[in-house]
Amino acid sequence: MPEGPEVEVLRREIEPELVGLQVVKIDRSNKALRFDVSYDEMNQLSQKTIKAVTRVGKVLIWRFNTAEELHFMLGMTGRFDWRYSDTAAEKHEHICFTLKKAQSVVHEQLVFVDPRRFGGWRYFARPTRPSVGVDGFGEQRCDLGWIDRLVASSRALKELLLDQTLVAGIGNIYASEICFQLGIHPALPGHQVPNSMLERLIPMIDAVLFDAASRGGSTLKDYRTPRGRIGRFPELAGVYGRAGSPCPRCQQSEIKRIFIGQRASFFCPQCQVMP
DNA sequence: TGTCGTGTTTACTT
DNA sequence: AAAGTAAACACGAC
Ligand SMILES: [Zn+2]
């Protein structure tokens, strides 16, 4: 499911429903996740109340009244789902949170579902910043240290955009879209990106991510919010998934699909040339 | 029915 | 620093 915009759409939906709920219990399947929370930590969260739901890059963060935190990475296919009463556990359900309002006896269940299990979760006793670079929804305009690393690198620009330690939140769909919007070749090495292009790149990142979030993000296959919302960005994408189609900008060339750093990458060979 | 290629991610190894 | 590999499952093409 998740690049930054999908996690942000999930966060916006779930935050008002989750804040104020108290943990009754947490159940865990016996299947391994990428990284995990111990049973001691799960039990310790019993009775604690969720105070805030935030996001840094692709990491969803629940903060409790005790300042403890849970961090979730959704991997490729991870998602949350409200389990409505009298429905059975769904396939690939790995974590089940039983929650309730403070003065209520009615229980609600939110489950973490992840078929491929590239996702994971972590527990922190105190507020902790995930170990990633600046968030791509605007932080990247204020703290420009990542630009120094970008221009010092020989790696392809699109690969650098995917590096979460530079800017956090860009995934494979939006990395291609950002390069398309800028009219720059995705395989251009970082140290060859002109200064004029860097100035346009910095604000383009949050422009693309916010725009995608406003459309509900991208549903390719698995992504859906806990209330079932689907992302409509793919219908409006400029290049992602459109190999062989005419370029929506020049209408002349057809969009090409190449591999950069083992990931499918889409671009228009006429609009996105190496300088 | 079976095999192959592809995929929204990233942590670890070379 | 950069490149490659592995993790697990679903689905469509042939
Ligand atoms: Zn074009």
Side-chain angles (χ1 to χ4, degrees), chain A residues 1-11 29-36 55-60 71-81 90-95 112-122 130-133 136 146 148-178 186-192 208-209 211-213 215-226 229-237 239-244 256-266:
Chain A
M1 147 195 167
E3 301 188 32
E6 289 72 36
V7 179
E8 177 60 15
V9 170
L10 156 70
R11 191 199 68 75
S29 78
N30 54 5
K31 300 281 188 73
L33 294 173
R34 197 76 172 284
F35 39 91
D36 221 330
R55 177 196 58 76
V56 174
K58 304 174 186 176
V59 180
L60 184 76
H71 291 196
F72 299 89
M73 287 275 328
L74 280 51
M76 289 272 263
T77 54
R79 61 188 171 81
F80 284 95
D81 216 356
E90 52 188 305
K91 204 173 176 185
H92 304 305
E93 185 181 301
H94 301 300
I95 314 171
F112 177 73
V113 179
D114 186 3
R116 291 177 71 173
R117 285 188 276 133
F118 292 169
W121 61 325
R122 280 186 236 273
S131 46
V132 294
W146 62 279
D148 297 336
R149 290 183 54 200
L150 187 149
V151 299
S153 175
S154 61
R155 295 161 72 201
L157 172 61
K158 184 199 162 232
E159 221 181 322
L160 291 163
L161 293 176
L162 287 174
D163 185 337
Q164 303 297 301
T165 70
L166 284 180
V167 176
I170 305 168
N172 201 41
I173 299 172
Y174 305 119
S176 278
E177 291 301 319
I178 289 166
L188 185 72
H191 59 69
Q192 286 179 36
V208 168
L209 297 185
D211 178 61
R215 301 173 192 288
S218 294
T219 293
L220 263 41
K221 198 161 65 166
D222 300 278
Y223 175 67
R224 127 173 61 114
T225 69
R229 185 175 173 198
I230 294 301
R232 306 197 152 281
F233 181 86
E235 304 158 24
L236 301 146
V239 288
Y240 186 86
R242 299 202 184 289
K256 293 268 184 283
R257 174 174 170 275
I258 59 173
F259 275 85
I260 299 173
Q262 276 97 291
R263 307 295 302 276
S265 309
F266 301 84

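Protein chains get the first letters and strands the later ones, always in sequence-line order, with residue 1 at the start of each.
- A donor-acceptor pair under 3.5 Å links the side-chain atoms of A:E3 to the main chain of A:I173, judged by distance alone.
- Using cut-offs of 30° and 60° on the angle between ring planes, the pair A:F72 and A:F112 is tilted.
- A:R257 comes within contact range of the sugar-phosphate backbone alone, with a heavy-atom separation under 4.0 Å but no base atom that close.
- A:K158 has its NZ atom 14 Å from the P atom of C:dA3, to the nearest Å.
- If you check every strand for non-hydrogen atoms under 4.0 Å, A:T219 touches nothing.
- Checking A:K91 against A:A152, the closest nucleotide of DNA chain C that is more toward the 5' end is the one next to A:A152.
- Look at A:T77 and you won't find any side-chain N or O under 4.0 angstrom from OP1 or OP2 of C:dA10.
- Between A:M76 atom CE and C:dA8 atom C1' the separation is 11 Å, expressed in whole Å.
- For A:E90 and C:dC9, the CD to C1' distance is 15 Å, given to the nearest whole Å.
- Across all non-hydrogen atoms, the minimal contact from A:R257 to A:A264 is NE-CB, 3.9 Å.
- Between A:R116 and the phosphate of B:dG7, there is no side-chain N or O to OP1/OP2 separation shorter than 4.0 Å.
- The side chain of A:K58 contributes an N or O atom lying less than 4.0 Å from OP1 or OP2 of B:dT10.
- A donor and an acceptor atom, one from each side chain of A:R232 and A:T219, are nowhere located under 3.5 Å apart.
- Heavy atoms of A:F233 sit nowhere under 4.0 angstrom from any nucleic acid atom.
- Atom CH2 of A:W121 is separated from atom C1' of B:dT10 by 20 Å (rounded to the nearest Å).
- In terms of phosphate contacts, A:Q262 brings a side-chain nitrogen or oxygen within less than 4.0 Å of OP1 or OP2 of C:dG4.
- When the C1' atom of B:dG7 is taken as reference, atom CG of A:L74 falls 16 Å away, rounded to whole Å.
- Remark: ring of A:F118 not stacked against base of C:dA8; the cut-offs of centroid gap under 5.5 Å and plane tilt under 30° are not jointly satisfied.
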Side chain to side chain contact (heavy atoms under 4.5 Å, CB included) assessment of A:R229 paired with A:R224: CA-CA 5 Å; A:R229 185 175 173 198; A:R224 127 173 61 114; over 6 Å; no
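- Distance CG (A:L33) to C1' (B:dT10): 14 Å, rounded to an integer number of Å.
- Between C:dC9 and A:R117, a contact under 4.0 Å exists linking OP1 or OP2 to a side-chain N or O.
- A:R34 places its CZ atom 8 Å from the P atom of B:dC12, with the value rounded to the nearest Å.
- Residues A:P5 and A:Y174 are in side-chain contact: their nearest non-hydrogen atoms beyond the backbone lie under 4.5 Å apart.
- Note on A:H92: every side-chain N or O is 4.0 Å or more away from OP1 and OP2 of C:dA8.
- Following rounding to the nearest Å, A:F35 (CZ) and B:dT9 (P) show an atom-to-atom distance of 14 Å.
- Side-chain contact check for A:H191 versus A:S154: some heavy-atom pair is nearer than 4.5 Å.
- Cation-pi check for A:R215 over A:F233 is not met; the charged atom does not lie both under 6.0 angstrom from the ring centroid and within 45 degrees of its normal.
- If you check every strand for non-hydrogen atoms under 4.0 Å, A:A264 touches sugar and phosphate atoms only.
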Canonical and wobble pairing (Watson-Crick, G-U, under 3.5 Å) of DNA chain B, dot-bracket with |: .||||||.||||||
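- Residue-to-nucleotide contacts include no donor-acceptor pair under 3.5 Å from the side chain of A:R263 to the base of B:dT9.
- Separation of the P atoms belonging to C:dA1 and B:dT9 is 23 Å when rounded to the nearest angstrom.
- Not one side-chain nitrogen or oxygen of A:K31 sits closer than 4.0 Å to the OP1 or OP2 atom of C:dA8.
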